[in-house]
Amino acid sequence: MASFIRVTGAWVGLLLDWLDQEHLPATELRAAIQRWAQEDIVPLPVWRDLLMRTVALRPEAGTPLAIGALVKPRHVGVLGYLVLASKTLAEALQAYQRYERLFYGANLAEVVIDGAEVEIRWPPHELLPASLHDIVAIAALVTFMNQQVASPPPPTRVVFTLPPPPPAEQAVYEAFFECPVAFGEPQTRVRIPLAYLALPMLHSDPGLRLLLDQQAQALVAAMPDADAFDRSLQQTLLSLLPEGGASVARVAEALHVSVRTLQRRLDGRGVTWQQVLDRSREELARHYLADRALTLSEIALLLGFSEQSAFTRAFRRWTGETPVQVRKRLRSAS
């Protein structure tokens with residue numbers, strides 16, 4: 001069990017987006033949010049305090065829902081990248097469950113199939129007490145899933161551990177989620193139709209498309225004069241690296257060639273497999289370091305390293321600098 005639950009600075013940016021949408025100056029609050037939005041890790045009590053101060057500006061029942069509904073890939077950091085590699089909503093949900101620890105510092109969600117429905121549940125956690133955060137998080141989760149597929153069905157049921165609101169507020173929640181919403185239960189839960197998970201991802205979000213294009217360009221830069229085979233190799237690396245499975249055997253299998261054929265083609269280009277892997281990782285690392293929404297641990301995962309220290313050692317070997325040094329230089333130049 002994790003001893004420290006937190007969120008990311010990118011997530012805190014949701015509050016700034018809502019303040020902008022509502023045209024609220026809130027100078028002091030904005031300064032506090034902007035300060036924490038620059039941090040890789042934001043302690044949960046800090047996030048809850050900023051959220052409560054933000055909601056207090058417009059204490060209507062729908063305010064936490066409206067904040068969550070503003071979610072974009074940049075607010076969820078590495079998950080926004082990983083969803084690009086997902087072919088269906090089921091794969092995207094698996095990515096969320098697998099890498100949730102990079103957001104909260106712990107894996108909290110459980111996914112259970114129950115007949116014709118799937119239930120995503122968050123068991124009680126002593127370090128994650130019921131709060132307005134639950135409403136923002138579930139509103140964001142449902143919104144984010146709906147952004148990725150065409151004509152998505154609404155959830156079949158949403159459940160919170162928070163005390164029941166007045167009937168008029170209950171109607172606000174049910175109108176937002178388009179399904180029955182319950183309060184005062186032991187677990188936060190979202191139920192969706194099982195068929196929902198088979199829906200193909202649209203990849204239509206301009207921000208997601210831009211990120212994918214930038215990643216592809218970074219990999220093209222890793223292999224000058226790339227031909228069709230090189231581009232296929234780079235795209236395969238892009239999808240396999242976050243899973244830690246970018247071995248020569250896995251890549252050859254994904255390309256539908258033998259290991260010997262893959263190595264022969266690399267020999268013909270005057271490079272080894274390790275050189276291709278290192279060069280691609282270095283180019284991607286430079287690209288990811290320029291994205292403030294990604295923490296160093298998230299970047300390490302995207303590059304297929306088991307831990308941040310291994311990424312730091314490799315990056316120093318490639319460049320003579322540490323990732324922290326490069327990121328500081330990039331931030332000072334911006």
Side-chain angles (χ1 to χ4, degrees), residues 5-7 11-26 28-30 32-33 36 42-72 75-76 103-104 108-112 114 117-147 152-193 196:
I5 301 294
R6 42 75 165 180
V7 296
W11 182 249
V12 174
L14 266 176
L15 303 182
L16 286 177
D17 289 352
W18 184 80
L19 291 174
D20 289 342
Q21 175 184 273
E22 299 299 308
H23 306 291
L24 295 173
E28 184 178 343
L29 176 58
R30 279 180 178 272
I33 295 172
W36 284 103
V42 180
L44 188 65
V46 172
W47 156 246
R48 292 175 63 193
D49 175 66
L50 294 173
L51 175 59
M52 291 178 65
R53 290 168 62 186
T54 302
V55 171
L57 297 174
R58 293 276 170 83
E60 294 88 351
T63 296
L65 298 170
I67 292 173
L70 292 176
V71 69
K72 295 290 185 293
H75 295 126
V76 291
F103 186 86
Y104 285 122
L108 304 171
E110 297 177 354
V111 179
V112 179
D114 182 13
E117 295 182 329
V118 173
E119 183 170 275
I120 313 166
R121 61 178 67 149
W122 291 263
H125 192 293
E126 60 182 0
L127 297 176
L128 193 63
S131 70
L132 290 177
H133 163 74
D134 298 348
I135 297 173
V136 174
I138 299 306
L141 175 66
V142 172
T143 299
F144 192 76
M145 289 194 300
N146 288 348
Q147 290 171 349
T156 56
R157 184 174 175 84
V158 173
V159 175
F160 294 104
T161 59
L162 291 162
E169 293 186 13
Q170 177 89 20
V172 172
Y173 289 103
E174 296 190 345
F176 179 88
F177 290 110
E178 301 181 83
C179 71
V181 178
F183 290 84
E185 297 201 12
Q187 294 181 329
T188 299
R189 295 180 284 134
V190 177
R191 293 181 71 90
I192 58 177
Y196 191 171

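All heavy atoms count here, side chains included; hydrogens, waters and symmetry mates do not. Index from 1, following the sequence.
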I need the [X] [atom1] to [Y] [atom2] distance, nearest 0.5 Å.
X    : Y    : atom1 : atom2 : value
Q147 : T143 : CD    : OG1   : 6.5 Å
D20  : E22  : CG    : CD    : 10.0 Å
E119 : D114 : CD    : CG    : 7.0 Å
L65  : L132 : CG    : CG    : 10.0 Å
E117 : R191 : CD    : CZ    : 4.5 Å
R53  : L15  : CZ    : CG    : 10.5 Å

Check this for me, if you would: do E60 and R58 make a salt bridge, where the nitrogen-to-carboxylate-oxygen distance has to be below 4.0 angstrom? no
Would you mind writing out the side-chain donor-acceptor pairs for residues 163-176 within the sub-3.5 Å range, not counting sequence neighbours?
unit_1: Q170; atom_1: NE2; unit_2: E174; atom_2: OE2; d: 3.2
unit_1: Q170; atom_1: NE2; unit_2: V181; atom_2: O; d: 2.3
unit_1: E174; atom_1: OE2; unit_2: V181; atom_2: N; d: 3.3

Among P155, P153, C179, P152, side chain to side chain contact (heavy atoms under 4.5 Å, CB included) partner for I192: P155
Can you see which heavy atom on [X] is nearest to which on [Y], and at what distance?
X    : Y    : value
F160 : I138 : CE2-CG1, 3.7 Å
H133 : L51  : N-CD2, 3.5 Å
H75  : L70  : CE1-O, 3.5 Å
L57  : A26  : CD1-CB, 3.9 Å
A130 : T161 : CB-OG1, 3.1 Å
P64  : V55  : CG-CG2, 4.3 Å

Between T54 and L50, is there a donor-acceptor pair closer than 3.5 Å when you use the side chain of the first and the backbone of the second?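 Yes, because the side chain of T54 sits within donor-acceptor range (under 3.5 Å) of the backbone of L50.
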Given 3.5 Å as the limit, does a donor-acceptor pair link the side chain of R157 with the main chain of R189, or not? no
For L141, side chain to side chain contact (heavy atoms under 4.5 Å, CB included) partners two or more places apart: I120, W122, M145
Quick one, W11 with V42, criterion side-chain contact (heavy atoms from CB on, under 4.5 Å). Give me CA distance, side-chain angles, the key distance, then yes/no. CA-CA 9 Å; W11 182 249; V42 180; over 6 Å; no
Would you indicate whether the side-chain heavy atoms of T63 and W18 approach each other to under 4.5 Å? yes
